[in-house]
Amino acid sequence: MAEYTLPKAYDFSTTEQEIYAWWEKNGFFKPWNDPHKPGFDPNIKPFVISIPPANVTGELHLGHAMVVSMEDLMIRYHRMKGIPTLWVPGIDHAGIATQLQVEKALAKEHLTREQIGREEFLRRTWAWKEKYGGIITSQIRRLGASCDWDRERFTMDEGLSRAVREAFVRLYEKGLIYRGPRLINWSPGLKTAVSDLEVEYSEEPGTLYYFKYMFAAGESQPGDDLIYIPVATTRPETILGDTAVAVHPDDPRYQRYIGRKVVVPILGRQIPVIADPYVDREFGTGALKITPGHDPNDFAIGEKHGLPVISVLDESARVNENGGPYCGLDRFEARKNLWEDMRRAGLVIKEEPYMLNVPRSQRGGEIVEPMISTQWFVRIEPLAKAALDAVKDRRIRIVPERFTKVYYNWLENIQDWCISRQLWWGHRIPVWHCADCGKMTVARDNPTHCSFCHSPKIEQDADVLDTWFSSGLWPFSTLGWPEQTPDLDYFYPTSMMETGYDILFFWVARMIMMGLEFTGQVPFETVYLHGLIRDADGRKMSKSFGNVIDPLVVMNEMGTDALRFTLLVGSTPGNDLNLSLKKVEGNRNFANKIWNAGRFVINAIGQAPKQPLAEPDWTLADSWIWARMQNLVRDVERLFQNYQYGEAGRQIYEFFWSEFADWYIEIAKLQLAEGGDRAYYTAKTLTSILDMSLRLLHPFTPYVTEALWGHLKKASQAHSPNFSPKGGWEEALIVAAWPVPRPEESWESEKIQEFTIIQDIVRIIRNWRSENNVTPGKRIPATLVSDKYIHTLQDQAKAIASLAQLDIASLNIIESLSEKPQGSAALVIGHVEVYLPLTGLVAIDEERQRLQKE
RNA sequence: GGGCGGAUAGCUCAGUUGGUUAGAGCGCCUCUCUUACACAGAGGAGGUCGUAGGUUCGAGUCCUAUUCCGCCCACCA
């Protein structure tokens, strides 16, 4: 009677919760070398990750699941290696996503943010955030995230606000932040400026409009061929803001008209014809209308030629007072009306279908309008230079390597960063405008009066900062910066930044710039970029397409381990992962396999003798599985060092299932049945191989391994102290020692080779049986002939017989054969010949019938 | 326009210092409910590793060219 039995099916749903609570209760998530604790040793290098802020939409998506799984894998691995780890969770940050959600809720009540006021809006956002922030936290926990939750920091709390202000003020004082009217990307839907990165371009069919820029009265000269300059545009409404028409200085068609005046259609303003080499003579009509107020290139040309800048759109992208008769119209309506009016005035030449590259807001999806607006900017060149150097001189390593090129390219061509947003949810810009003297007071603490004229009539700038401004401070703000805290001292710079490659610029580059600027150190040593998760057919997951896989549903149905293993093993660095439920199902089966193999081992321990009588007499199978395990430990270690986490997981899977479970356990059954020392040492081998396998698997599938390991430990302790690993059983698998790779010993490859012979023989016999339709249960006689492996074969007779279903009583193993046996099938595998009798095995009649059917 | 990635079994993908007969999962076919597991076990079919050259004793792996697909950056009206 076994002393210890486990339920047949692994019940992950309750086990996961219990295990997680137990880890947390026992403080396993806390770094063992902590500057806040006695006995702290500052010389031990910790492994640190700050977990990226999850957004607050209330939905855990696969992107989060990926990040959390990957980071948790790294954390668990280092923790088991005895390296103090810190994983600082952050829950969310200010951002458009949150604000959009709240505004959506408002819209349902037919309210706008203006109607309820800033204070009420923020109150609602906080309430909303608290509600969903908590949900996200619990979901991240379910993924097994072994964070030090006590260090959890919310970005909108006092601590981060301080960090943000400190950062802003320092940059301002250094002259790296400036404010001014510039041409920026304006999102009319969100009514805010957005950065270059937040604009996405999509190819859409549109129209190229050709029209006439008539020369002003009295501008014509003798010899003129033209009475107008033909111009093409894709956005006719911007005609209202034109301040010049540009042609190429060497263009013979237009050369003589440079400097003349032309008339803006409908509005009647007179604007000059200018020459600029920027104009492409081949494109369109070879003449370009210049709208400095609504086009970045035109803006540059306008600056060069000292042209006035006319803005014709308001914050909702409606035409403003500069648009004359079109004032108040939506931009697209204005386009239509203006074009019709121009047609009536005889100014239209033609329309042509044209493929446009339309700039759209990443968040709202509406067309972004380049507009002149007063915004705050970060002068980026010095920051970018430092960030570039940090990667170039390898203080920061990007994995996979190829993204360094992308990183360089972006930083080398970077434009100043527009950091102000006309949103309400975010960190307010710490600048106060004085109503009396008009000067700006920039302060870390809320001032009561203007620092220039001491007037109390000051008002804080209405804008908030770009989400990524505060996110860029993440690696150090979570550790207490700007205070020089013990945490910051010890845990910064962090070791690893793990994230999707899609936010390399948004976030990673900004963290590097900010980290170098404010701490003088790189914020992390390694950037590991994982791929994006797509559906089974490689399509982007989108709600409208309906191919979104909800990680919560998957976890409920298949268990967290299955999901995690799928994400971790399915991904190679930087490459996208096509996720299908079939894959998760396969890994659910693997978790079940682990559980059941564990049940077998635990049962075996209970049945084995408690003491050995003599020195160990290892069988070939024992030595083989041990050698294979040593090999695996070496390979896994090497792969982890090279960030090949997926391949490492695959190899452990392979080992566990097709070597340990399929071969060793099958042979172990025989060895256990022998009883005595054989059974004792077999149970011991089973225990240590399972123990080590669970250790290796733990970072991938934390729950099932921890649960099973706990049972293994108990069963082993209950039975005999002899079954404990060297150094005894640790308190928990999560803090158990990672298997140490040992140098290869010469016997290892020998035993592996020998065992491979056995496997080959068994396989070739099974194959033959299957092909000849020998009843599976039927034990058949056999003759094995081998000079080279005679001893191995004799030793392994029982195992071979059992695995290949041979009749042990009529199994002949001999060195050589003078004469081939009559009526036998001869199989050759390597240096071994196998003879199987043909007579009486194959059911000849049945076989004939079967063949006839076919 | 610039850059990057992919192209390997019906499908989704591994395969990192070039090395024996190219792997896995799923799917398919044949058997088996053998006391860890049918979320399983045994066996099988299925690939000239996109194409064309080259380097090498040896190339899925390195080099050159090329086709197709995808992505990123830039943004010529």
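Note: hydrogens, waters and symmetry copies are ignored here, and every other heavy atom, side chains too, is used. In what follows, every chain begins at residue 1, and chains take the letters A, B, ... in the order their sequences are listed.
- Ring geometry, A/Tyr653 versus A/Phe590: the interplanar angle falls from 30° to 60°, so the pair is classed tilted.
- Residue A/Asn589 has its side chain nearest to B/A40 when only B/C37, B/A14, B/A40 are considered.
- The listed nucleotides are B/G43, B/A36, B/C71; the one nearest the side chain of A/Arg534 is B/C71.
- Rounded to whole Å, the distance from CH2 on A/Trp657 to C1' on B/C26 is 12 Å.
- Rounded to an integer number of Å, the gap from CZ of A/Phe506 to P of B/C73 is 8 Å.
- The side chain of A/Phe283 sits closest to B/A77 out of B/G44, B/C73, B/A77.
- Rounded to whole Å, the separation between the C1' atoms of B/C72 and B/A77 comes to 25 Å.
- Nucleic acid contact for A/Ala661: base, since at least one base atom lies under 4.0 Å from a heavy atom of the residue.
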**Report entry** Working for side-chain contact (heavy atoms from CB on, under 4.5 Å), residues A/Tyr278 and A/Ile301
**Finding:** CA-CA 8 Å; A/Tyr278 167 80; A/Ile301 293 173; 3.3 Å; yes

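- In this structure, A/Asp576 places its CG atom 14 Å from P of B/G5, rounding to the nearest Å.
- In terms of phosphate contacts, A/Lys583 brings no side-chain nitrogen or oxygen within less than 4.0 Å of OP1 or OP2 of B/A24.
- Using a 4.0 Å heavy-atom cutoff across all strands shown, A/Ser580 reaches no nucleic acid atom at all.
- Mapping A/Asp196 and A/Arg235 onto RNA chain B via the closest heavy atom, the residue that lands nearer the 5' end is A/Asp196.
- Note: CG (A/Leu288) to P (B/C75) measures 15 Å, nearest angstrom.
- A donor N or O paired with an acceptor N or O is not found under 3.5 Å between the base of B/C4 and the side-chain atoms of A/Arg402.
- One can find a donor-acceptor pair under 3.5 Å joining the base of B/C75 and the side-chain atoms of A/Asn357.
- A residue-by-residue look at A/Arg599 and A/Pro573 shows that A/Pro573 has its nearest nucleotide of RNA chain B further toward the 5' end.
- Residues A/Tyr528 and A/Tyr645 place their aromatic rings such that the two centres sit under 6.0 Å apart.
- B/U12 and B/U17 have their P atoms separated by 27 Å, given to the nearest Å.
- The CZ atom of A/Arg769 sits 20 Å away from the P atom of B/U30 (whole-angstrom rounding).
- Counting only distance, with no hydrogens or angles, the side chain of A/Tyr210 and the backbone of A/Glu352 share no donor-acceptor pair below 3.5 Å.
- Taking atom OH of residue A/Tyr408 and atom P of nucleotide B/G3, one finds them 17 Å apart after rounding to whole Å.
- Rounded to whole Å, the distance from CH2 on A/Trp410 to C1' on B/C73 is 11 Å.
- A donor-acceptor pair under 3.5 Å is formed between the side chain of A/Thr285 and the backbone N or O of A/Pro230.
- Contact annotation: the side chain of A/Phe12 never approaches that of A/Asp561 to less than 4.5 Å [non-hydrogen atoms, C-beta and beyond].
- Between the side chain of A/Lys593 and the base of B/C37 there is at least one donor-acceptor pair of N/O atoms closer than 3.5 Å.
- For the pair A/Glu200 CD and B/A74 C1', the interatomic distance rounds to 15 Å; values are reported in whole Å.
- For A/Glu666, the listed nucleotide lying nearest its side chain is B/C37; candidates were B/G5, B/C37, B/G44.
- Nucleotides B/G10 and B/G50 are separated by 14 Å at their P atoms, to the nearest Å.
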